[in-house]
Amino acid sequence: MEQSGTSTLLQGAVQDLASAVVSALRGGDHARAVLPAGADGEAGDVTLAAVRVLGADALLPSVLLRTPPDPAQVAVFRKAVEAYPPRADAAPTVRWSHWAMARTLRQVDPSVTSEPLDEPDAGWLDGASWQFLTHQLAVLAPLALPGRDDAVTRAAGRRSVDVARGFVRAVRRRDWRQAAGAGRWLTLLPGVPDTLGLQSGLDFVDLMGGQDPQVALPLQAARLLTRTGALV
């Protein structure tokens, strides 16, 4: 019962944080994406876990809108990065999510002076089926940012058509979170077929699943990314 209650609290915290990020992205005001913390950046375990679940997107407004983040929010984000390092047996997506958080932390916090983390291995994506590839990229949607060059981004860029197939499949299966994450990648990837009708597809995903903040977040990111241009 206690574990179930904790899980419910975490799910609620993740939804609340995602809603705050979406609000900030829509309003262009990073101050609205407030992480629950005191002035010294202290936060409870549930809050830190929620930041870890949302990953680098917890500070997405600062990254996309290029606005200075609140120092207290950065402190919470940094604590989440430090509190939840990937275990030795962690899945590749967990390792990459942590790496993306560390990269974001270095970008927004000048006080971070440690050496950048080495990229995790991306070999698990080599030869992956288009279905599996799309699922993994949707999980790693926080990596879908303009002008970034990493192994996951390069792997996605080589398989735009496969990601497009995965997007269609996710829509047909009514898997709105996966569709939104894949759509965010497709907004940036080169060589996406015009016949996909991506913008109409994203609008449909928003209509059907946009009430879920974890669907709305990558969709709103995709809208902003549309104005930024494709990955190089």
Side-chain angles (χ1 to χ4, degrees), residues 10 14 17-18 21 25 33 35 41 43 45 47-66 69 73-128 132-159 163 166 177-178 180-182 184-189 214 217-218 221-222 224-225 228 230-232:
L10 176 56
V14 172
L17 178 55
V21 172
L25 291 174
L35 295 173
D45 291 342
T47 295
L48 295 177
V51 174
R52 184 63 188 85
V53 170
L54 211 60
D57 276 351
L59 290 182
L60 185 61
S62 282
V63 174
L64 285 187
L65 303 177
R66 299 182 180 181
Q73 295 185 48
V74 174
V76 173
F77 187 84
R78 182 171 187 167
K79 190 172 182 179
V81 173
E82 295 170 348
Y84 294 97
R87 301 183 311 187
D89 60 347
T93 50
V94 174
R95 293 181 178 277
W96 274 97
S97 177
H98 179 76
W99 179 85
M101 290 184 72
R103 179 176 66 178
T104 296
L105 181 61
R106 293 183 61 85
Q107 179 178 347
V108 302
D109 187 354
S111 71
V112 177
T113 57
S114 59
E115 290 295 321
L117 291 177
D118 292 335
E119 282 191 16
D121 178 60
W124 97 102
L125 292 177
D126 295 340
F132 182 73
L133 175 72
T134 303
H135 174 266
Q136 298 291 280
L137 290 178
V139 172
L140 294 175
L143 273 74
L145 294 169
R148 299 301 171 93
D149 181 25
D150 56 67
V152 170
T153 297
R154 291 192 295 272
R158 291 191 294 267
R159 299 184 62 181
V163 181
R177 290 187 182 182
Q178 184 172 138
R184 175 172 167 179
W185 279 103
L186 289 167
T187 302
L188 292 173
L189 297 182
Q214 289 180 269
L217 197 164
L224 292 174
L225 292 172
T228 311
L231 292 167
V232 177

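Note that the structure is predicted; figures quoted are calculated from it, not measured.
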Hey, what do you get for CD (Q107) to OG (S62), rounding to the nearest 0.5 Å?
9.0 Å

Exercise: identify the closest heavy-atom pair between A100 and A56
O-CB, 3.8 Å

Shortest non-hydrogen contact from V74 toward P69
CG2-CG, 3.4 Å

What residues form a side-chain contact (heavy atoms from CB on, under 4.5 Å) with V139, not counting sequence neighbours?
T93, H135

Please report the closest heavy-atom contact between P146 and L188, naming both atoms and the distance.
N-CD1, 4.0 Å

So, the side chain of W124 versus the backbone of P92: is there a donor-acceptor pair under 3.5 Å, distance only?
no

Just how far is it from atom CG of L54 to atom CD of Q214, taken to the nearest 0.5 Å?
7.0 Å

For A102, all residues meeting side-chain contact (heavy atoms from CB on, under 4.5 Å), sequence neighbours excluded:
L117

Considering all heavy atoms, the nearest V51-F77 contact
CG1-CD1, 3.8 Å

Consider side-chain contact (heavy atoms from CB on, under 4.5 Å). Of L60, D57, T153, which one does L145 pass it with?
L60

Could you walk me through whether V53 and L17 pass side chain to side chain contact (heavy atoms under 4.5 Å, CB included), step by step?
CA-CA 10 Å; V53 170; L17 178 55; over 6 Å; no

What pairs with D126 under salt bridge (charged side-chain N to carboxylate O under 4.0 Å, His left out), at least two apart in sequence or on another chain?
none

Check side chain to side chain donor-acceptor pair (under 3.5 Å) between S97 and all other residues, then give those that pass, not counting sequence neighbours.
R52

For R95, the side-chain contact (heavy atoms from CB on, under 4.5 Å) test, sequence neighbours excluded, returns P86, A90, P120

Salt bridge (charged side-chain N to carboxylate O under 4.0 Å, His left out) filter on R103, not counting sequence neighbours, yields D150

Non-hydrogen atoms of R184 and A222 that approach each other most closely:
CA-CB, 4.0 Å

Can you give me the closest heavy-atom contact between P61 and L25, atom names plus distance?
CA-CD2, 3.7 Å

Go through the structure and list residues passing side-chain contact (heavy atoms from CB on, under 4.5 Å) with A182, not counting sequence neighbours.
T134, V163, F167

When rounded to the nearest 0.5 angstrom, what distance separates CG in L48 from NZ in K79?
5.5 Å

How long is the straight-line distance from CG of L137 back to CG of L143, given to the nearest 0.5 Å?
9.0 Å

Holding to salt bridge (charged side-chain N to carboxylate O under 4.0 Å, His left out), I want the full list of residues that pass it with E82, two or more places apart in sequence or in another chain.
R78

With no hydrogens and no angle check, do the side chains of W96 and E119 hold a donor and an acceptor under 3.5 Å apart?
no

From CG (L59) to OG1 (T104), nearest 0.5 Å
7.0 Å

Report the residues that fulfil salt bridge (charged side-chain N to carboxylate O under 4.0 Å, His left out) with R154, sequence neighbours left out, ordered by chain and then residue number.
D149

What's the separation between atom CG in L217 and atom CZ in R177, rounded to the nearest 0.5 Å?
11.0 Å

Can you list the steps and then say if L140 with W99 is a side chain to side chain contact (heavy atoms under 4.5 Å, CB included)?
CA-CA 11 Å; L140 294 175; W99 179 85; over 6 Å; no

